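None of these values were measured; they are calculated from a predicted model. Counting convention: from 1, in listed order, for ligands and their atoms alike.
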Amino acid sequence: MIILVNPRATRPSNRRFPLSVMAIGAALPPSQRWEIVDGNMPGLDVAARISALIEANKGGPDPIRAVALSVMPGPQLVSAVPLTKTIKASHPDIPIVWGGNFGGLYPKPVLNAPYIDWLVRGQGEHTFTELLEVLDGQRDPATVAGLSFRKQGGSHHMGEERHWVGPGELPAPPYHKIPVGEYLPATILGRRSGVYQASIGCPFACNFCGVISVFGRREQVQDPGRTAEHLRFLVREHGMDSVHFYDNNFFLNEAHARAVADAMAPLGLSWWCETRVDTLTRFSHDTWRRLKRAGFTMVFCGAESGSNDVLRKMRKGITVEQTMEVAARTREHGIIPEFSFVFGDPDEPDREVENTLAFIRKLKARNPAMELITYFYTPTPQRKDTYGQVDPLSGTPEHLEEWLHPDWVRWMIHDPDLPWLDQRLKRRVQDFVLVLNSRFPSVHDRATRKWGKIAGRVLSQTRWHRGDYGDPHLLRTLRQWARITPDDAQLYGHLRPSGAA
Ligand code: B12
Ligand code: SF4
């Protein structure tokens, strides 16, 4: 039996299908027993659950062959390290495997960790299945593409790149292996929201993005008919009424968008996806109408900057005019746009911040329903030709314990300390966001009480009108007073100051 672990990554009430480990399990040979342990489940002691499974199967016909964990940069890494150490300390003979985005981007610290035996980089389904042959002694690990490990003596073997396949060539999500009903929270989209990923990779090359570091510049999209078939099951059997598509780049082009609309329309779902503004500006009004009728409710686009020069530097391939046009089109068709921006241009940080804030004001005027998402620029390792040559990004930690330091955790969640992005500039952006979100409360804001939102709207009116964002202490205090204490105060628990509720 194999134990597939999704270490805690978020507050239990925000848990979504653990797609990464579901995908690995679904691809195992039918004779292979496996089970998922999801750290995002409320009240679960993950280490105890894993130990119980190991003990229960010890000496039986099918003992645990490996414990395999999915690890994303950020808080999930913070949970995964102590968890892995605990498992290894109590069960030293059981092979420990890590997969997921963290090891894909930063293999060295993973391979330096004595409590991790194998690292799967990139798409994991086939690599993991082949690793099982290695564990059985039937195969030389050096022949498995995508597999990395520590050799005798401590040096690292970095397996050659695994050429990945599209979702259409992989098994359907194994919904029978999870309690589906417990993963359908109420969201802005509906009462029972699910998640789905219909494509892999992205063909673009934005130079701040970690996706191409892991998958290269390629995208493979599954036939929309197959997507609809999987979703139909969730609608019919589990009453799902809405879905977030997790694809990095959901629409390939207009023809694909129309096929998506045709496939989604009969399902009656309300849905959200991420796509690019340049793609959206090529859609005809008829395509927008069809998408709207098919349940297209919200769209997330990386707008990134208010300057075409900076967009060129980012190799984003879009213009501010295109973003403006999408703001107008979404308004026309009643779709909520979420525009995300990356602050922190290394060359002219001050000018870039002011310019982008001014652009966001214009966008908000063009479409008042627009939602703002902000990030601070965080360099990610830039891929060269193969995984073996990924830039190590000089200065990033070589040991996992160092990655757990709050400074590095902030780095991973896109709030890094960088020489050109000082606290003053970050505060400027944060103050702007507070004034904007007070004046126009976000549809996502479930943390502020209703009276707080009303008072915030009134108190921020003059500031927003004048463009005065400096130190909005009254709004900050109001937010704190009106804050609803979460019923499960576990979001990013490891980042909260000690003693905080
Ligand atoms: C779901 C998700 C989340 C969820 C996590 C839910 C969970 N795991 O329980 C939440 C919302 C919590 C989240 C948060 C964050 N996320 Co996130 N997230 C995603 C998202 C949208 C989908 C991932 C997914 O499930 N895909 C479907 C599965 C099937 O694919 P997969 O995960 O790639 O898994 C494959 C391989 O990676 C590998 N694999 C993965 N795990 C394992 C395990 C084993 C054992 C093996 C063998 C193989 C293996 O094989 C799998 C099958 O091929 C991706 C974007 C994307 N589309 O990839 C971003 C993404 C992974 N997130 C990202 C980031 C940055 C974050 C945050 C740091 C953002 C922030 N500012 O806070 C946070 C912090 C993470 C944390 N809490 O630790 C980045 C990572 C890139 C990078 N540079 O680091 C991505 C790529 C988004 C992006 N475009 O920037 N995230
Ligand atoms: S379009 Fe989005 S996912 Fe693709 S490389 Fe750019 S930022 Fe990354």
Report yes or no: is the cationic atom of Lys426 (NZ for Lys, CZ for Arg) under 6.0 Å from the centre of the six-membered ring of Phe343, at an angle within 45° of the ring normal?
no

Honestly, is Arg218 close enough over Trp164, meaning NZ or CZ under 6.0 Å from the six-membered ring centre and within 45° of the axis?
yes

Is the contact between Phe128 and ligand 1 made by the side chain, the backbone, both, or neither, using heavy atoms and a 4.0 Å cut-off?
side chain

Mind checking whether Ile24 contacts ligand 1 via backbone (N, CA, C, O), side chain (CB onward), both or neither, at a 4.0 Å heavy-atom cut-off?
side chain

Evaluating non-hydrogen atoms only, which member of [options] is closest to [atom]?
atom: atom 39 (N) of ligand 1; options: Gly124, Gly104, Gly100; value: Gly100
atom: atom 75 (C) of ligand 1; options: Gly74, Pro73, Ser79; value: Pro73
atom: atom 53 (O) of ligand 1; options: Arg162, Glu125, Met72; value: Glu125
atom: atom 82 (C) of ligand 1; options: Leu105, Leu170, Leu19, Ile200; value: Leu105
atom: atom 56 (C) of ligand 1; options: Asn248, Asn249, Val21; value: Asn248
atom: atom 45 (C) of ligand 1; options: Pro18, Pro7, Ala68; value: Ala68

Could you say whether the N/O atoms of [X] and ligand 1 ever approach to under 3.5 Å?
X: Met412; value: no
X: Val120; value: no
X: Ser20; value: yes
X: Gln197; value: yes
X: Ala9; value: yes
X: Asn6; value: yes
X: Tyr246; value: yes
X: Thr10; value: no
X: Asp247; value: no

Closest protein heavy atom (residue, atom, distance) for [atom]:
atom: atom 6 (Fe) of ligand 2; result: Cys206 SG, 2.3 Å
atom: atom 1 (S) of ligand 2; result: Arg276 NH1, 3.4 Å
atom: atom 4 (Fe) of ligand 2; result: Cys202 SG, 2.3 Å

Using a distance-only test with no angle check, is there a side-chain donor-acceptor pair under 3.5 angstrom linking [X] and [Y]?
X: Ser51; Y: His91; answer: yes
X: Tyr196; Y: Gln222; answer: yes
X: Gln123; Y: Thr127; answer: no

Counting distance only, does the side-chain N/O of Lys177 pair as donor-acceptor with the main-chain N or O of Trp34 below 3.5 Å?
yes

Is there a donor-acceptor contact under 3.5 Å from the side chain of Gln138 to the main chain of Glu133?
no

If we check side-chain contact (heavy atoms from CB on, under 4.5 Å) with Ile2, which of these qualifies: Leu132, Asp62, Ile64?
Leu132

Taking the ring of [Y] and the ring of [X], is the distance between their centroids below 6.0 Å?
X: Phe149; Y: His157; result: yes
X: Tyr175; Y: Tyr183; result: no
X: Phe245; Y: Trp272; result: no
X: Trp403; Y: Phe102; result: yes

Assess Cys209: does it contribute an N, O or S atom lying under 2.8 Å from atom 8 (Fe) of ligand 2?
yes

Give the intermediate values and the outcome of salt bridge (Lys or Arg N to Asp or Glu O under 4.0 Å) for residues Arg226 and Asp223.
CA-CA 5 Å; Arg226 187 176 193 243; Asp223 175 62; over 6 Å; no

Run the salt-bridge test on Lys313 and Asp345 with the 4.0 Å N-O cut-off and return the result as yes or no.
yes

Is it true that Arg162 and Glu125 have a side-chain N and a carboxylate O under 4.0 angstrom from each other?
no

Under 4.0 Å to a heavy atom of Lys316 - the qualifying atoms of ligand 2, by number
6 (Fe), 7 (S)

Give the atom numbers and elements of ligand 1 that come within less than 4.0 Å of a heavy atom of His414.
65 (C), 71 (N)

Which ligand 1 atoms does Asn40 reach within 4.0 Å, using its non-hydrogen atoms?
7 (C), 9 (O)

Please state whether Glu274 comes within less than 4.0 angstrom of ligand 2, counting heavy atoms only.
no

What do you reckon, does Cys209 put a non-hydrogen atom under 4.0 Å from ligand 1?
no

